[in-house]
> 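Below is a structure I'd like to ask you about.
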Amino acid sequence: MTKRYRETLEEVELPSTQTTGDTAPTGFTWRGHRYQVLQVLGHWREDPGWWRRPDGEPVQIEQTDLWRVEARNGKPTRGVYELVRRGESWRLDRVWD
């Protein structure tokens, strides 16, 4: 079962040698708690594109990278989290229990 949050992450740690969109995060901070990424379970990319709103106005969508990771926040319990990067912003999209 999943729960969708779509909340901005306070901080995302990337390997110091790479900062491209296809670089897996090594840690993140959410709601004041730091999580260490233990394993990357999946990565996929949604290419940039555009859509039209119902009123006909075009909307540009940036490239989006999605990461499904196993992580923990210092407790023995692990969880599965889906992290989303669009441009320079990161958010936590889903948590699996």
Side-chain angles (χ1 to χ4, degrees):
M1 181 174 229
T2 70
K3 182 165 183 182
R4 180 166 259 175
Y5 288 93
R6 290 189 171 172
E7 293 180 12
T8 300
L9 292 171
E10 297 154 26
E11 182 181 358
V12 175
E13 298 167 27
L14 299 170
S16 59
T17 58
Q18 298 181 354
T19 57
T20 61
D22 58 353
T23 301
T26 58
F28 60 95
T29 303
W30 176 52
R31 294 185 174 180
H33 298 280
R34 186 187 174 288
Y35 292 78
Q36 176 187 4
V37 173
L38 304 171
Q39 180 179 351
V40 174
L41 303 174
H43 171 246
W44 61 100
R45 175 171 289 154
E46 295 175 355
D47 291 328
W50 64 273
W51 303 93
R52 290 202 183 270
R53 295 184 180 156
D55 64 4
E57 173 118 12
V59 177
Q60 181 71 33
I61 306 294
E62 291 183 75
Q63 174 180 298
T64 304
D65 282 279
L66 298 96
W67 297 90
R68 188 166 297 153
V69 300
E70 180 181 20
R72 67 175 178 189
N73 67 348
K75 299 176 182 173
T77 312
R78 300 170 179 212
V80 176
Y81 303 86
E82 189 171 288
L83 310 177
V84 177
R85 180 180 189 173
R86 182 174 287 159
E88 293 302 314
S89 65
W90 286 85
R91 75 172 191 260
L92 176 81
D93 198 50
R94 295 178 188 260
V95 176
W96 276 257
D97 53 353

> Against Leu9, only a single residue in Thr29, Leu83, Val84 fulfils side-chain contact (heavy atoms from CB on, under 4.5 Å); can you say which?
Leu83

> Can you name the residues that form a side-chain hydrogen bond (donor to acceptor under 3.5 Å, both in side chains) with Thr64, not counting sequence neighbours?
Arg86

> Can you name the residues that form a salt bridge (Lys or Arg N to Asp or Glu O under 4.0 Å) with Arg94, not counting sequence neighbours?
none

> Going by the angle between their ring planes, with limits at 30° and 60°, are Tyr81 and Phe28 parallel, tilted or perpendicular?
perpendicular

> Write out all pairs satisfying salt bridge (Lys or Arg N to Asp or Glu O under 4.0 Å) with one or both partners inside residues 27-36, taking only residues at least two apart or from two chains.
Glu7-Arg31, Glu13-Arg34

> Return the NZ to NE2 distance between Lys75 and His33, rounded to the nearest 0.5 Å.
6.5 Å

> Not counting sequence neighbours, which residues clear salt bridge (Lys or Arg N to Asp or Glu O under 4.0 Å) with Glu10? List them please.
none

> Could you work out the complete set of other residues in the hydrophobic cluster of Val80, with links drawn between I, L, V, M, F, W and Y side chains under 4.5 Å apart?
Leu41, Trp96

> Side chains of Pro58 and Arg52: closer than 4.5 Å at any heavy-atom pair?
yes

> Under the 3.5 angstrom rule, does the side chain of Arg85 hit a backbone N or O of Gly87 as a donor-acceptor pair?
yes

> Do the side chains of Val12 and Val95 join up, straight or via other hydrophobic residues, at under 4.5 Å, putting them in one cluster?
yes

> Starting from Leu14, can I reach Trp30 by hopping between I/L/V/M/F/W/Y residues whose side chains sit under 4.5 Å apart?
yes

> Looking at CG of Asp65 and CD of Glu46, how far apart are the two atoms once the value is rounded to the nearest 0.5 Å?
9.0 Å

> Flag yes if Leu92 and Val40 sit in one hydrophobic cluster, no otherwise; membership is Ile, Leu, Val, Met, Phe, Trp, Tyr, and two members link when side-chain heavy atoms are under 4.5 Å apart.
yes

> Nearest 0.5 angstrom please: His43 NE2 to Trp67 CH2, how far?
4.0 Å

> Which residues satisfy the salt bridge (Lys or Arg N to Asp or Glu O under 4.0 Å) test with Arg72, sequence neighbours excluded?
none

> Is Arg91 salt-bridged to Asp93, going by a charged N under 4.0 Å from an acidic O?
yes

> Roughly how far apart are Tyr5 OH and Glu82 CD, rounded to 0.5 Å?
13.5 Å

> With clusters built from Ile, Leu, Val, Met, Phe, Trp and Tyr whose side-chain heavy atoms come within less than 4.5 Å, directly or transitively, what are the remaining members of the cluster of Val59, listed by chain and number?
Trp51, Ile61

> Return the set of residues passing salt bridge (Lys or Arg N to Asp or Glu O under 4.0 Å) with Arg53 (not counting sequence neighbours), or none when no residue passes.
none

> Mind listing the closest non-hydrogen atom pair of Pro15 and Ala24 along with its distance?
CD-O, 3.4 Å

